[in-house]
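In what follows, chains carry the letters A, B, and so on, assigned in the order in which the sequence lines appear, proteins first and then strands, with residues in each chain numbered from 1. Owing to the predicted nature of the structure, the values given are computational and were not obtained by experimental measurement.
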There are 2 protein chains.
Amino acid sequence: MPVSLKDVAAHAGVSIKTVSNVVNNYQHVTPAMRERVQRSIDALGYQPNLAARHLRKGRTGIIALALPELGNPYFAELAASVIDTAAQHDYIVLLDHTGGLREQELLVSQGFRARVIDGLILSPIELETEDLRDRAHDVPLVLLGERDYDLPYDHIAIDNVAAARAAVRHLIDLGRRDVAFIGARRGRSEPAQLRVRGWREELTAAGLPADERLVAATDGWGHADGASAMNHILDSGRRPDAVFAYNDPMAIGAMRVLHERGLRVPEDIAVVGFDDVIEGRFGAVTLTSVSPDKAAIGRLAVESVLARLHDRATEHRRVSAPYRLVERESTLGRPAAQRRTDS
Amino acid sequence: MPVSLKDVAAHAGVSIKTVSNVVNNYQHVTPAMRERVQRSIDALGYQPNLAARHLRKGRTGIIALALPELGNPYFAELAASVIDTAAQHDYIVLLDHTGGLREQELLVSQGFRARVIDGLILSPIELETEDLRDRAHDVPLVLLGERDYDLPYDHIAIDNVAAARAAVRHLIDLGRRDVAFIGARRGRSEPAQLRVRGWREELTAAGLPADERLVAATDGWGHADGASAMNHILDSGRRPDAVFAYNDPMAIGAMRVLHERGLRVPEDIAVVGFDDVIEGRFGAVTLTSVSPDKAAIGRLAVESVLARLHDRATEHRRVSAPYRLVERESTLGRPAAQRRTDS
DNA sequence: CTCAAGTTTTACAACGTTATACACGCCGTC
DNA sequence: GACGGCGTGTATAACGTTGTAAAACTTGAG
């Protein structure tokens, strides 16, 4: 059923290679010949067989994008950007979800799919430096996200420390003094946690104490984790006047708990999230958030992979993507005009 | 660098085919020979080249999953289920997002990627029956979702009419009489819109008027669309006592508008969504929603594709997946405040 | 009108795998 | 003791594509 170069060649009365030359826009083909072959291609509806092409060229035309969770709209937007950019370069994206599990991330980074993909964009959560150190494969790897690895791989991310400091700065400017952090990594060495570091640095810079009891570690990074972390802090008797969450879903989970406990946002407790997901714009209290430029990150990631693919000599680089702080109701100085202050 | 069958064969002192036989668990191989070859395989760290295998076998081992939007957690969960099920059958999933755009959906269904994938699972939004009628390809296609096509393709979905009726029934049981529907398809023939049909049928069955002015058509199906639809209904002077939304994000967008306008949920207006996304469980007012069994849908979809792949003779079938109505605060008889987060 | 130099097209060999068909032992049977 | 039959291993030919090198065709100068 499928039509091959051979079929097109027979139909056009030329050699296989000539058809191949036309398909690949090879330069030494007369316009007349190109025209004639193209007509046959269209007539038969020829489509190149990628498996054969790959076998011959050693490339698959597929790059993998491994993300912790697709359900988080942040990653979904990122994925869209990656897919679009890749398409512009005639690459297909294989989307993978690791669930933020070390085992899965390891599997992906070790290239369990090494013979299928040309390059890999990975957003690790649990992976450690030593896990990445002995990658047997030569498949180009580009890292995304908040984790900081001291390894010779391209890394695309916003400046997480600076972004976190901006968020905390904003809270301090509102007059808040007891700023909690929700979503620290449980049992991990501190230097890798850039957002916590930013929280600590900014508080210290402002002459405020960075009370470690206001840092809530969690297992995951979803709504439920934010909710339980918030409950944990309040149950321990602490009553911060602001919360900075690792990401938006956690911030929203925390806000739900505050609502259940009769605490008002932002009057009693101001809240700042991270990632600026669409959901944060439609709650009863809209969410102030750090907004990374997802489109830029996705684009840069693809371009890095492809650059390394076509010329493996380049230096490994660390690219900073833009971000900004979007202020909404959850950190408003005064109650919003239309907002009903239901207890 | 990569080690091929040839290398292993040379190392073990046997023919290439014998190594292939061992790799593929071909039956006529003596244990001794198997052992010996296996040792060479392990020693050299041989990994099969999938491209070559696929070229030879005519299969890629990849199935595509094309979804309207990855950002909607409903689809993310669905994707996870598909990926997992596929992995169990040694298949890889190529995730694609159509944005719910007819052009993209057409492209995918026409198989612009036909030579890369063995099968396709598509969740169409805009696609029409005639678009699917003349698919040139023989790549197995399985449809998902709410759209109803009278075509010989497998279709996995919950009974959308029945589910919508259950949702409306629930609202009627609460004593609501003016139930609005948010998220109708703009300018589309009605029979395809199963959830609207369920809304209409159930109201009629209860002896209530199905007021078409309470049906709000939208362009998209996101938060913002739900919000503007809600605004539109209220601006037109209508004041329904209940809203049934096409999906959860729209319901949440609508609730935001109700909140802005000082209308209480559920006291003034009860709200029911569709899909049961996690976000609905963490708003200031948690959302009642129709909860399709996403895991089942994903599993059934993969199994259908693979069945058709291995034996193309089977009848095309329409499979109904389970669902249930999850009741939360947005349709509670009593006031919503002070309720703890439910799981 | 010939021949060199350039341009366009072609034949053929790979890429790594599996299917087909055949060769080789080994057994039991006549 | 030759003869099918079976169980095991092996050459060889594909699968559809592209790179290489050589063949065929132009072109233009002498």
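Rounded to whole angstrom, the span from the CG atom of B:L5 across to the P atom of D:dT12 amounts to 18 Å. Across the protein-nucleic acid pair, B:Q47 atom CD and C:dT17 atom C1' stand 15 Å apart, rounded to whole Å. What separates OH of B:Y46 from C1' of C:dG16 is a distance of 7 Å, to the nearest Å. For the pair A:H54 NE2 and D:dG19 C1', the interatomic distance rounds to 16 Å; values are reported in whole Å. In this structure, CG of A:L44 is placed 15 Å from C1' of D:dG16, rounded to the nearest angstrom. The distance between atom CG of A:D7 and atom P of D:dC15, rounded to the nearest whole Å, is 10 Å. Straight-line distance from the NZ atom of B:K57 to the C1' atom of C:dT17: 10 Å, rounded to whole Å.
Of the possible polar contacts, none joining the A:R299 side chain to the A:D84 backbone as a donor-acceptor pair under 3.5 Å is found. Without hydrogens or angle criteria, A:D275 side chain to A:V277 main chain gives no donor-acceptor distance under 3.5 Å. Listed for the A:Y149 side chain is a donor-acceptor partner under 3.5 Å among the backbone atoms of A:L127.
Annotation: side chain of A:L151 is in contact with side chain of A:T129 (closest heavy-atom distance under 4.5 Å).
Under the 4.0 Å criterion applied to side-chain N and carboxylate O atoms, B:R147 and B:E105 are not assigned as salt-bridge partners.
In A:E130, the CD atom is crowded: over 12 heavy atoms of neighbouring residues, nucleotides or ligands sit closer than 6.0 Å. Heavy atoms from other residues, nucleotides or ligands lying under 6.0 Å from CG of A:D42 number more than 12.
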Scan nucleotides 11-14 of chain C against the protein and return all N/O pairs shorter than 3.5 Å with their distances rounded to 0.1 Å.
residue: C:dA14; atom: N3; partner: A:R56; partner atom: NH1; Å: 3.3

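Looking only at atom types and distance, the side chain of A:R34 has no donor-acceptor partner in the side chain of A:N25 under 3.5 Å away.
Residues from residues 20-40 of chain B with heavy atoms under 4.0 angstrom of DNA chain D, sorted by number: B:N21, B:H28, B:V29, B:T30, B:M33.
When distances are taken from the side chain of A:A52 to each of C:dT10, D:dG16, C:dT18, the shortest belongs to D:dG16.
Between its opening and closing five pairs, the helix from C:dC1-D:dG30 to C:dC30-D:dG1 changes axis direction by 70°, a value rounded to 10 degrees.
How far CD of B:E69 is from OG1 of B:T98: 8.5 Å, rounded to the nearest 0.5 Å.
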Stepwise side chain to side chain contact (heavy atoms under 4.5 Å, CB included) check, A:T60 with B:L50: CA-CA 10 Å; A:T60 61; B:L50 291 189; over 6 Å; no
Is there a salt bridge (Lys or Arg N to Asp or Glu O under 4.0 Å) between B:D118 and B:K57? Walk through the geometry before answering. CA-CA 11 Å; B:D118 292 342; B:K57 310 228 294 190; over 6 Å; no
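Nucleic acid contact class of B:T18 (heavy atoms, under 4.0 Å, all strands): base.
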